[in-house]
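Each residue takes its place number in the sequence, starting with 1. Ligands are counted one by one from 1 in listed order, and the atoms in each one are counted from 1 as well. Below, all heavy atoms of this structure are taken into account, side chains as well, without hydrogens, waters or symmetry copies.
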Amino acid sequence: MSELRASVGAALPELSVVLPTRNEADNIEPLLAGLRDALNAVDFELVFVDDSDDQTAQILAREAILDPRVRVVHRAPELREGGLSTAVVLGLHEARGRLVGVMDADLQHPPETILAMLAAEREGADLVVASRYLPGGSRAGLAGGFRQFVSRAASLLVRAVFIEARASSDPLAGFFLCRSSLLRGVEFRPVGFKILLELLVCSPHLKVADVPLQFQSRTAGESKASTTQGLLFLRHIWSLIYDVPGSARIWKFSAVGISGLALLLAILELGGTVLGWPALAAWAVAFVLSVLWNFSWNLRLTFADLRRERYPLMRRYVSSTLTAGGAQLIVFLGLVGTPLPLVLDGLLAAVLGMGVNGALNWQLARRHRRPSQLAIGIDHFLAHLGKVSGAQLTALLDQNGREVAFWGRPSAEATELLRSLAERASYGGLPVLWTEPPSRRPQARTNVELASIMVLPLELPGFERFTVALQRRTRSAFSSDDLEATMRQLERLRPRLGLGSDGAAADQPAAPGRPAQPAAELSGNRGQRGPGTTSRLG
Ligand code: GDD
Ligand code: MN
């Protein structure tokens, strides 16, 4: 396997380092010297994503000519929206290495630290963070006591809000490294400077390790951190709470609980005091309504990512609610005879009930999030790609180039040609476009049909090296425009792809590290394969 990779994908580096730059002209040369020195035993590439208005772009362009390991994407001013965060996401997309790292280009992140990070990855970490808050690390380089205070406070805040952020001692670091396959297919929408936080919250199942970072002080250029960045940070936190189902679960659970309590007391007061119902009746109505209220909000908000586990969840929820409700009722009955106002009886009882309920559900509320629900089946996926690209046949191929699901007009068994194209696409990680030449001689007629094939790497965790092949035999072969459009569609759909049958997503979404079981899971194939109707390719 590794030999094959070495021969087919010889151009692919082991490590890509993404370096966002904005006006770092005086830092580039010393940075490159430091990186070449530190990484002399590593097969690496550097991906600069540059938004500079000074000489940085020219310096980088010159370096890229001299050293093919240096790649530069320079963004024109109108393409810089989002600043640092979009620059890093772009760099992650551009990176071709098996591993991808992100670091600052202002020498505040020492290049040697990468070696320690690589070692931590070899020991089994999915994501390695260079942390300022680990023994042996330091943040002395962070300019000024105020900046240090803000940084520490922000770090504590996100660790309080997101259980996922507790995986690292420095969730706001700008220096980290991970296996690139773990990032593919996840949509990142960071705002501002905190890209690592986005990764931690959106990919909560990664195994995270920290290595100590000695954060250096800046010697040239200036920091782009500002009050605006601070506000963007708060917006980012809000988006991670609001737009990521099941994140910050404890807080969502608590918020729902408090709103339910308010509802309970309001109904108790209205029924028992204003309308004069018997105390027990008012309590019962208030209790049932608030339970329903809590339940529906918890399903929609707190456990939005656990919808697949609805039934076990519901059983557990109902049983703990009934236990807590029983305790609540006993306390309420004990208090009703006392001179305390009815609402206070209800409140005391409910506080006790919430305590019991909270204790029973605490573990559940602390549960890490599931990866986002996979919403479309393989049939739908293949059909959609086929239709948008004008293919006659779309097939999903496994690591060995074997067809495991298909859509459209049945084809010949996977041909040698298809297999070798698939091999290129899967080991090279890049799409392949092949078209049949019209003839060995210059062709006079234009109404001949040409076979053409596109093979795109699928890059879905758990289904490494799977590809999607699209074929047709028409007067006009696939063009590079077709290829690009199809790739875009694939990128768009892939995050939602569940490798089960249409409608229902696979029970166990393919997770990193879990061995793929394609044969068992790829069941929803509705194409028909009839002998004699196969189209011949090539
Ligand atoms: N492409 C691009 N576009 N790069 C940018 C931009 C931008 O708009 N803004 C900043 N950068 C680059 C800088 O050139 C530098 O290489 C890196 O991003 C970090 O920017 P600094 O301005 O030096 O940030 P900092 O030192 O204040 O903040 C660092 O520490 C924080 C933790 O306190 C960064 O590592 C942050 O990511 C980190 O959160
Ligand atoms: Mn900096």
(message) Donor-acceptor check, side chain of S151 to backbone of R147, threshold 3.5 angstrom: yes or no?
(response) no
(message) Between T56 and A25 (side chain of the first, backbone of the second, donor and acceptor by atom type, cut-off under 3.5 Å), is there such a pair?
(response) yes
(request) Check R75 against ligand 1 and report side chain, backbone, both or neither, counting heavy atoms closer than 4.0 Å. (result) neither
(request) Please could you name the atoms of ligand 1 that T21 approaches to less than 4.0 Å, counting only its heavy atoms? (result) 1 (N), 2 (C), 4 (N), 14 (O)
(message) Check this for me - ligand 1, P20, N or O atoms closer than 3.5 angstrom, yes or no?
(response) yes
(message) To check your reading of the model: name the closest protein heavy atom to atom 21 (P) of ligand 1, its residue, and the distance in Å.
(response) R218 NH2, 3.7 Å
(request) Considering only non-hydrogen protein atoms, determine which one is nearest to atom 27 (O) of ligand 1 and report residue, atom name and distance to 0.1 Å. (result) S223 OG, 2.6 Å
(request) Looking only at protein heavy atoms, identify the closest one to atom 10 (C) of ligand 1 and say how far it is in Å. (result) K224 CD, 3.8 Å
(request) Give every residue pair that meets the salt bridge (Lys or Arg N to Asp or Glu O under 4.0 Å) criterion with at least one member in residues 83-95, sequence neighbours excluded. (result) R71-E94
(request) Could you see which bit of R22 sits under 4.0 Å from ligand 1, with heavy atoms only: side chain, backbone, both or neither? (result) both
(message) For atom 35 (O) of ligand 1, what is the closest protein heavy atom, and at what distance to 0.1 Å?
(response) D104 OD2, 2.5 Å
(request) Determine, for E121 against R98, whether the closest basic-nitrogen to carboxylate-oxygen distance falls under 4.0 angstrom. (result) yes
(message) Out of L84, D170, L196, who is nearest to atom 18 (O) of ligand 1 when you count heavy atoms only?
(response) L84
(request) Enumerate the atoms of ligand 1 whose separation from the nearest heavy atom of G174 is less than 4.0 angstrom. (result) 35 (O), 37 (O)
(message) Measuring from atom 28 (O) of ligand 1, which candidate in H109, E222, R147 has the nearest non-hydrogen atom?
(response) R147
Report, one line per pair, each donor and acceptor closer than 3.5 Å where one atom sits in a side chain of residues 30-38; sequence neighbours left out.
unit_1, atom_1, unit_2, atom_2, d
R36, NE, D67, OD2, 3.1
R36, NH2, E63, OE1, 3.1
R36, NH2, D67, OD2, 3.2

(request) Please say whether the positively charged group of R139, taken as NZ for Lys or CZ for Arg, lies over the ring of F215, i.e. under 6.0 angstrom from the six-membered ring centre and within 45 degrees of the axis. (result) no
(message) I'd like the name of whichever of L213, V49, L19 reaches closest to atom 1 (N) of ligand 1 through any heavy atom.
(response) V49
(message) One thing to verify: whether R22 and D51 come together as a salt bridge, which I'm taking to mean a side-chain N less than 4.0 angstrom from a carboxylate O.
(response) no
(request) Enumerate the atoms of ligand 1 whose separation from the nearest heavy atom of E24 is less than 4.0 angstrom. (result) 13 (C), 14 (O), 15 (C), 16 (O)
(request) Would you name the heavy atoms of S247 and L240 that are closest together and state the gap between them? (result) OG-O, 2.6 Å
(request) Report yes or no: does S131 contribute a side-chain atom to a donor-acceptor pair with the main-chain N or O of P212 at less than 3.5 Å? (result) no
(message) Go through it in stages, so that I can follow the logic: the residues are D210 and S168, the test is side-chain contact (heavy atoms from CB on, under 4.5 Å), and I'd like the CA-CA distance, side-chain angles, deciding distance and then a yes or no.
(response) CA-CA 6 Å; D210 287 352; S168 169; 3.0 Å; yes
(request) Mark up the atoms of ligand 1 that fall under 4.0 Å of a heavy atom belonging to Q108, in ascending order. (result) 23 (O), 26 (O)
(request) Considering the heavy atoms of G83, write down every atom of ligand 1 situated less than 4.0 Å from one of them. (result) 3 (N), 7 (C), 8 (O)
(message) Show the atoms of ligand 1 that are less than 4.0 angstrom away from any heavy atom in D51.
(response) 1 (N), 2 (C), 3 (N), 7 (C), 8 (O)
(request) Would you kindly check if the NZ (Lys) or CZ (Arg) of R152 is within the cone defined by 45 degrees around the ring axis of Y133 and under 6.0 Å from the six-membered ring centre? (result) yes
(request) Please identify which atoms of ligand 1 are closer than 4.0 Å to at least one heavy atom of D106. (result) 16 (O), 23 (O), 26 (O)
(message) Can you list everything that forms a salt bridge (Lys or Arg N to Asp or Glu O under 4.0 Å) with D106? Sequence neighbours excluded, please.
(response) R218
(message) Applying the side chain to side chain contact (heavy atoms under 4.5 Å, CB included) criterion to F175, which one of I114, V102, V128, L196 satisfies it?
(response) I114
(message) Parallel, tilted or perpendicular: which one describes the rings of Y242 and W238, with boundaries at 30° and 60°?
(response) parallel
(request) Using a cut-off of 2.8 Å, find all protein N, O or S atoms closer to the Mn ion (ligand 2) than that distance. (result) D106 OD2, Q108 OE1
(request) May I ask you to decide whether D53 forms a salt bridge with R80, counting only side-chain N to carboxylate O separations under 4.0 Å? (result) yes
(request) Starting from atom 38 (C) of ligand 1, find the nearest protein heavy-atom neighbour and note its residue, name and distance. (result) L172 O, 3.6 Å
(request) For atom 30 (O) of ligand 1, state which one of F215, F193, F176, F48 supplies the nearest heavy atom. (result) F215
(message) Within this structure, what is the OG1-CZ distance for the pair T21 and F48, rounded to the nearest 0.5 Å?
(response) 7.0 Å
(message) Just to confirm my output: which protein heavy-atom neighbour is closest to atom 33 (O) of ligand 1, and how far is it?
(response) R132 NH1, 2.8 Å
